[in-house]
Amino acid sequence: MVTIKKLLEDYKAELTEAIMILSKLMKVDKSYIYTHIDEELSEEIVRDFNYIMDKRKQGHPIQYLLGEKEFMGLSFIVGKGVLVPRNDTEVLVEYLIDYIKDDRKKVLDIGFGSGTIGLSLAYYCKGIDLTGVDISEDAVRIANKNREKFALENVKLLKGNLFDPIGEDKFHIIVSNPPYIPKWEIEKLESQVKDHEPRIALDGGEDGLDFYRKITKDSKNYLASNGMLIYEVGYNQGKQVKDILLENGFTDIVILKDLQGYGRVVLGFYR
Ligand code: GLN
């Protein structure tokens, strides 16, 4: 029989992660691991643990292996086929929660992935009516699981390309964290991202701005009057995306900075 102590001995270099994985498998919190190091483990747990640690060595993101990622205080189901939610995106979501409060706004999330932006808005702003669109089958499946997990009402998640499935609806807010990595930069990303996360969620075309151009132009047909268009952008794209909004007649443009001082959110209004 293998004890906790014995099992963890081989993983000294990645102990924090090993403890996180083990506590998840044992369904206990981390402090339990520290205080029960002589406890013997079932064969099943040892097997699952070694399997996950092996996959980690091959570069699989830990969030896929654990099947979840914390975002805005909620534990989102994630998996292969959707981008792992980045905590960077919380800047945008916190801004919108504060902007929307309890208002009855119609919100459209373009390219929802696991659903982090739209579903955390629906969770914290009970007055909204949320529509989401994503072209990926995996995204629609996983985001719907999250919708059920958080028991969210007034949420519609549609499969399709950008505005294609929308019809005649108009929205007070259109939000998107589109793929924005320039094609040539993808090969320079760390293996965990470029070899395991979906390219389709990263690739923003030659200069990374393809989706900002397309969404900004088309959004004008789907915004209610004085509607807001709001984006997450790459750390060096703030100025360029602001220019795209200006060229399309948007006004009152704001760039919000992250904690490092990079402009990571760009928003504007269409009158
Ligand atoms: N922020 C992501 C990354 O660092 C990219 C997300 C996106 O393209 N929307 O890989």
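Remember, it's 1-based here, ligands and their atoms both numbered in the order they're listed. These numbers come from the heavy atoms of this one structure, side chains and all, not from hydrogens, waters or symmetry mates. Since the model is a prediction, treat every value here as computed from it, not as a measurement.
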Between Phe76 and Phe150, what is the ring plane arrangement, given parallel below 30°, perpendicular above 60°, and tilted in between?
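Judged by the thresholds at 30° and 60°, the geometry between Phe76 and Phe150 is perpendicular.
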Excluding sequence neighbours, so at least two apart, what forms ring-ring contact (aromatic ring centres under 6.0 Å, His included) with Phe112?
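ring-ring contact (aromatic ring centres under 6.0 Å, His included) list for Phe112, sorted by chain: empty.
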Lys30 (side chain) donor-acceptor with Ile19 (main chain) under 3.5 angstrom
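Not confirmed, Lys30 side chain does not pair with Ile19 backbone.
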Test: salt bridge (charged side-chain N to carboxylate O under 4.0 Å, His left out). Region: residues 174-189. Which pairs qualify, not counting sequence neighbours?
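Non-adjacent pairs meeting salt bridge (charged side-chain N to carboxylate O under 4.0 Å, His left out): Lys183-Asp203, Glu187-Arg199.
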Could you check, using the six-membered ring where one of them is a Trp, whether Phe269 and Phe250 have ring centers closer than 6.0 angstrom?
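Distance test on ring centres: not under 6.0 Å, no.
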Listing request: all side-chain hydrogen bond (donor to acceptor under 3.5 Å, both in side chains) pairs with a residue in residues 38-54, at least two apart in sequence or in separate chains.
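Listed by first then second residue: Tyr11-Asn50, Tyr32-Glu39.
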Which protein N or O atoms sit under 3.5 Å from any N or O of ligand 1? Give each pair with its distance.
unit_1, atom_1, unit_2, atom_2, d
ligand 1, 1 (N), Tyr180, OH, 2.9
ligand 1, 8 (O), Tyr180, N, 3.0
ligand 1, 9 (N), Asn177, OD1, 2.9
ligand 1, 9 (N), Pro178, O, 2.7
ligand 1, 10 (O), Arg86, NH2, 3.1

